[in-house]
Protein chains: 2
Amino acid sequence: MAKRVSHRDSMCGVARPLDAIGDWWSLLIVRDAFDGLRRFGEFQKSLGLAKNILSARLRNLLAHGIMETVPAADGSAYQEYVLTEKGRGLFPLLVALRQWGEDFFFEPDEAHVLLVDRKNGLPVRRLELRAQDGRVVGAEDTMVRLPQASHENGSA
Amino acid sequence: MAKRVSHRDSMCGVARPLDAIGDWWSLLIVRDAFDGLRRFGEFQKSLGLAKNILSARLRNLLAHGIMETVPAADGSAYQEYVLTEKGRGLFPLLVALRQWGEDFFFEPDEAHVLLVDRKNGLPVRRLELRAQDGRVVGAEDTMVRLPQASHENGSA
DNA sequence: CTCGAATGGTTTTAATTTGAAACCATCCTG
DNA sequence: CAGGATGGTTTCAAATTAAAACCATTCGAG
């Protein structure tokens with residue numbers, strides 16, 4: 001399941017998560033789970049993927065602790081798939097993905113679903129990254145710093 | 001290159017972006033691009049992937065307008081790959097991925113790279129989603145609303 | 001309780017993708 | 001202009017994905 005690690009034994013903070021959710025379907029499953037879907041058949045109908053693939057993806061999400069199975073919900077003997085805390089931690093990422101999609105994958109006049117505040121129905125704000133002092137910072141205002149190495153710089 | 005669309009002709013705001021960057025390598029390439037890498041060989045050395053794969057990924061990123069080739073930089077006749085505005089728009093997503101990775105894929109004491117403010121070297125804040133009124137909202141505080149349909153609800 | 005259908009998968013097999021390595025063209029360097 | 005560096009493409013094997021058939025359990029009706 002895990003892709004081979006790229007020439008380094010320990011993966012960086014970006015690559016490591018990608019091992020868990022770095023395929024087309026996993027994030028869509030997680031999104032559907034945020035939307036309240038819980039049953040195997042619900043995911044399959046919503047996403048339209050082959051059952052063996054869904055099975056494999058769910059197994060992978062379970063193995064990574066992103067989802068878990070819970071005994072029932074409507075009393076039946078079936079099980080349901082729900083997000084763990086780790087899985088719910090993906091919410092900002094999904095929002096970022098959605099906002100990027102809205103910005104660049106839809107025509108200006110093209111209708112698309114909107115993420116809205118449940119309290120008042122207003123669209124949510126744009127995700128913003130802020131520095132400690134509260135400034136909104138973009139990519140050009142940030143850099144990555146290596147753990148504790150005395151090396152000068154690097155990706156990873 | 002594009003995966004088959006899942007039983008609906010028009011993809012949702014989450015699925016559509018995944019068609020462009022929904023594979024393991026593309027986001028890592030984009031991340032390296034944010035880190036300043038520009039040349040084919042730089043990406044290949046950094047990521048350790050096969051050259052044909054890198055070639056295909058770069059072609060896909062170019063086709064989606066996420067990166068573009070620019071004639072030179074050091075005067076040589078080679079070309080370089082740089083992020084477009086659309087590509088730079090992926091910054092919040094990468095930050096979200098990184099923060100999620102830091103939260104759940106590293107031991108508490110495990111060293112990892114830090115995204116810091118370039119001005120003062122302090123770590124950036126956590127990404128937060130806010131409602132129009134400024135409240136920080138989580139997944140449970142939001143819902144998706146369909147474009148203009150009179151239907152009650154739905155994913156997508 | 002029993003039958004049929006719905007649910008939740010697994011197995012089988014084919015098609016697509018990925019990856020490693022070899023190969024090749026262009027470019028820069030001396 | 002010779003040799004190496006750069007930036008790919010081609011070839012072929014291995015792994016992954018996908019569709020479809022199959023199967024076991026569970027639920028719902030009579």
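Lettering follows sequence order; numbering is per chain, from 1.
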message: Students often get this wrong, so: under 4.0 angstrom with heavy atoms, is Tyr81(B) touching a base, only sugar-phosphate, or nothing?
response: sugar-phosphate
- prompt: OP1 or OP2 of dT7(C) sitting under 4.0 Å from any side-chain N/O of Gln44(A)?
  reply: no
Contact under 4.0 Å: Trp25(B) side-chain N or O vs dG19(C) OP1/OP2: yes
query: Does Arg59(B) put a side-chain nitrogen or oxygen below 4.0 Å from OP1 or OP2 of dT9(D)?
result: yes
- prompt: Shortest non-hydrogen contact from Arg88(B) to Leu83(B)?
  reply: NH1-O, 3.1 Å
message: Side chain of Ala77(A), heavy atoms from C-beta onward: which of dC27(D), dG9(C), dG8(D) has the nearest atom to it?
response: dC27(D)
task: Starting at atom CG of Asp23(B), determine the distance to atom C1' of dA15(D), rounded to an integer number of angstrom.
output: 16 Å
message: Quick check on DNA chain D: between Tyr78(A) and Asn52(A), whose nearest nucleotide comes earlier from the 5' end?
response: Asn52(A)
Value in whole Å for how far the P atom of dT7(C) lies from CG of Leu54(A): 14 Å
field: Gln79(B) CD to dG8(D) P, straight-line distance once rounded to whole Å
entry: 5 Å
- request: Please state how far atom CG in Leu47(A) lies from atom P in dA19(D), giving the value in whole angstrom units.
  value: 13 Å
task: Using the six-membered ring wherever Trp is involved, compare the ring planes of Phe105(B) and His64(A) and label them parallel, tilted or perpendicular (cut-offs 30° and 60°).
output: tilted
message: Does this structure show an ion pair linking Asp117(A) with Arg135(B), if we count only N-O contacts that are shorter than 4.0 Å?
response: yes
- prompt: Does OP1 or OP2 of dT9(D) have a side-chain N or O of Ser55(B) closer than 4.0 Å?
  reply: yes
task: Only pairs at least two apart or in different chains count here, so list each ring-ring contact (aromatic ring centres under 6.0 Å, His included) that has a residue in residues 109-139 of chain B.
output: Phe106(B)-His112(B)
- request: Take atom CG of Leu49(A) and atom P of dG8(C), then tell me their distance rounded to the nearest Å.
  value: 14 Å
- request: Answer yes or no: does a side-chain N or O of Arg39(A) lie under 4.0 Å from OP1 or OP2 of dC27(D)?
  value: no
message: Applying a 4.0 Å non-hydrogen cut-off, can you work out what Ala50(A) is touching in the nucleic acid: base, sugar-phosphate, or nothing?
response: base
- request: Could you check how far CD1 of Ile53(B) sits from P of dA20(C), rounded to whole Å?
  value: 8 Å
field: Rounded distance (Å) that lies between atom P of dT7(C) and atom CD of Glu42(A)
entry: 10 Å
query: Rounded to the nearest Å, what distance is computed from the CG atom of residue Asn60(A) to the P atom of nucleotide dT17(D)?
result: 10 Å
- line: From the candidates dA18(D), dG8(D), dG9(C), the one with an atom nearest any side-chain atom of Phe40(B) is dG8(D)
- request: If you link ILVMFWY side chains whenever their heavy atoms are less than 4.5 Å apart, which other residues fall into the same cluster as Tyr78(A)? By chain and number, please.
  value: none
